[in-house]
Amino acid sequence: MNSAAIEVNNVSAAYGNKKALDAVTLVVPAGSSFALLGPNGAGKTTLINILCTLRRPDGGTAVVAGADVITRPTQARRSIGVVFQDSSLDDRLTAWENLEFHGLVYGMAARPRRAMIDSVLDLVELGDWTHEIVRSFSGGMRRRLEIARALLHEPKILFLDEPTVGLDAQTRQRIWQYLDRLRRERDLTVLTTTHYIEEVEGADIVCIIDHGKIIAQASPEALKREHGVRSLHVIPQDAAAAELIVQRFPEAHRLGAEGLVIPADQDAQTDAFLAEFRDRLSEVRFQPPTLESVFLSLTGRQLRDRTDGQRDADRAAGQRGGRR
Amino acid sequence: MSPIILLRGIYAIWLREITRATRDRAQLIGGVSRPLIWLLILGVGLNPYFRGEVYGEVRFVIPYTYLQFLFPAVIVLNIMYTSIQFAVSVIWDREFGFLREVLVSPMPRPLILLGKVLGGSTIAMIHGGLVLILARFADVTLTLGQMFVALGLMFVLAFGLTSFGVLLAARVRSFEGFGVFSNTIILPLYFASSSVFPLDPALTRTQMVTAYPEWLVFLVQINPITYAVDALRGVLIGFNQFPPTYGWAVIAAMAVVFFLVALIDFSRS
């Protein structure tokens, strides 16, 4: 048995002169939960498109469930389920009709098809909506239906491209619950892309991608251990104190209305800071290394600054019915 | 893959088109109202003037009424509209992402297109068939056999025209653009197909009293729709302006050629 569900070797892709993927190499072990983390435009969707055979790589090879995506795309397609970033449901059909269509296209016989449709609808708790037209569904319901559809033909690998974009916090949490359960129950390999850093904490392997290059690939714990930076969160007593801290420690940056974050990876510096400002702080707290700090120390940029604005845009897009 | 699995896929794609069409009231209303307008207003209105009169003098006796003459052409018009407008659903699939759902499936690309075109052709054939209900009103009496032959011919014609619509859709990217584009194609083709007037007013192939200028005759003769209308007239009212085999050959050729070109387009994208 092959222990790697996906093997990507030296894959590159370009749109005109712009390189979307630059010699990407990665291995996704079978049965694992693999998260591809990176800002928008990092090349995540391009990689997914290559892996689900919608786009040919401009160089390199990719093997999905034992089938080369270039030479044996049909075999690769049979073992994968895909949830795209933008909805690909037919919203003039009912939930059941969408699933029936999918089952037929994947060549499933009537009896197992009908049984699986009931089972996946139950899984995503849409049983009561079976015969409703998809147009009346909310963004979260559509996304759940898409996950159900991607699982209908019992794929070995599930691709989810930004599965929680445009959804509220509660729905996002529910979707992650389904996915966790699925992986436990069905021995499924799940590859997710996201730019929400808090969503990759539960993944087995996190792969950080930026500007089309893989810059780190390990478990969240290992990433934090190796690249994470402990920080000190403080709230100065007054604005004058805050001003002084920023002057003395230029690496400090603001958090919220009055808070400040100071990297605390060097004890000497931390001691010096505390000795100097101890009396002018109203709150002091050590923050253990986060994936956010991993991303920052690897790329020199914040992921969150960009994603907060992005999330609002995503939410607005979600309210427009998933259209951009 | 075994044939039964592939057939399921084609059936799914075909069924989806049919389901969508039955939920689209506007399309159905268009399919019913169009022939009514053409037959009731144009057909009834012009019926008395169709009697072989050239410059005030009755030259020949015509064995058909104008309604009878127009009837097969209205069927072709209905098929043209529905077939070519079907391409909107191709644009829709591409714009709203549904196409990707099919493209990541193990279905071979040519069969995806085949299922889609078969679905569109079926809808167009049904819209053409709706006109047959008006046959009695147009004084056209049909045997069951004639109806079946006509429906078969309509299906092959619809298949060719739907493929033509699909290859237009591959070139026109937006919905709005396509709406304008399709109208500027459908009506000229229809009018220049000897649909609303006979090429030879005497309705006989031998009598060469031609009241039309050369260019118009030329346009009509190079227009493939002319031969489709002619073939259907042959079946429904027993009148042909051209050798009957022409129509069948042109309809079959359109189906094959347009589908193959659409297929090449589709595999490339």
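What you see below is based on every heavy atom in this structure, not just the backbone, and it leaves out hydrogens, waters and symmetry mates. Order of the sequence lines sets the chain letters (A, B, ...), proteins ahead of strands, with each chain counted from 1.
Taking B/G9, B/A12, B/G115 one by one and counting their heavy-atom pairs under 4.5 Å with chain A, the maximum is reached by B/A12. When the candidates A/E100, A/H102, A/R149 are compared by the number of heavy-atom contacts under 4.5 Å with chain B, A/R149 comes out ahead.
A/R92 approaches B/W92 most closely through the heavy-atom pair NH2-NE1, 3.5 Å. Between A/S88 and B/G97, the closest heavy-atom pair is CB-O, 3.2 Å. What you find for A/V105 and B/S105 is that their closest heavy atoms are CG1-OG, 3.2 Å. Minimum heavy-atom separation, A/C52 to B/V104: O-CG1, 3.6 Å.
A/A150 does not touch chain B: none of its heavy atoms, backbone or side chain, sits under 4.5 Å away. Proximity to chain A involves both the backbone and the side chain of B/I13, based on heavy atoms less than 4.5 angstrom apart. Within the 4.5 angstrom heavy-atom criterion, only side-chain atoms of A/R113, from C-beta onward, approach chain B. Only the side chain of A/L54 comes within less than 4.5 Å of a heavy atom in chain B; its backbone stays farther off.
Close placement of the B/F98 and A/F101 rings is indicated, their centers lying within 6.0 Å of each other.
Considering CZ of B/R16 and CG of A/D90, their distance stands at 4.0 Å, rounded to 0.5 Å.
Between the side chain of B/R8 and the main chain of A/L104, no donor-acceptor pair closer than 3.5 Å is present.
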Derivation of the side-chain contact (heavy atoms from CB on, under 4.5 Å) call for A/D86 and B/R100: CA-CA 10 Å; A/D86 302 316; B/R100 282 178 308 177; 4.0 Å; yes
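By the neighbour-count criterion of 12 heavy atoms within 6.0 Å, atom CH2 of B/W38 is densely surrounded, having more than that number from other residues, nucleotides or ligands. Environment of OH in B/Y11: sparse, with no more than 12 heavy atoms of neighbouring residues, nucleotides or ligands closer than 6.0 Å. For CZ of B/F148, the number of neighbouring non-hydrogen atoms (other residues, nucleotides, ligands) closer than 6.0 Å is 12 at most.
Between A/E97 and B/R23 a salt bridge is recorded (basic side-chain N to carboxylate O distance below 4.0 Å).
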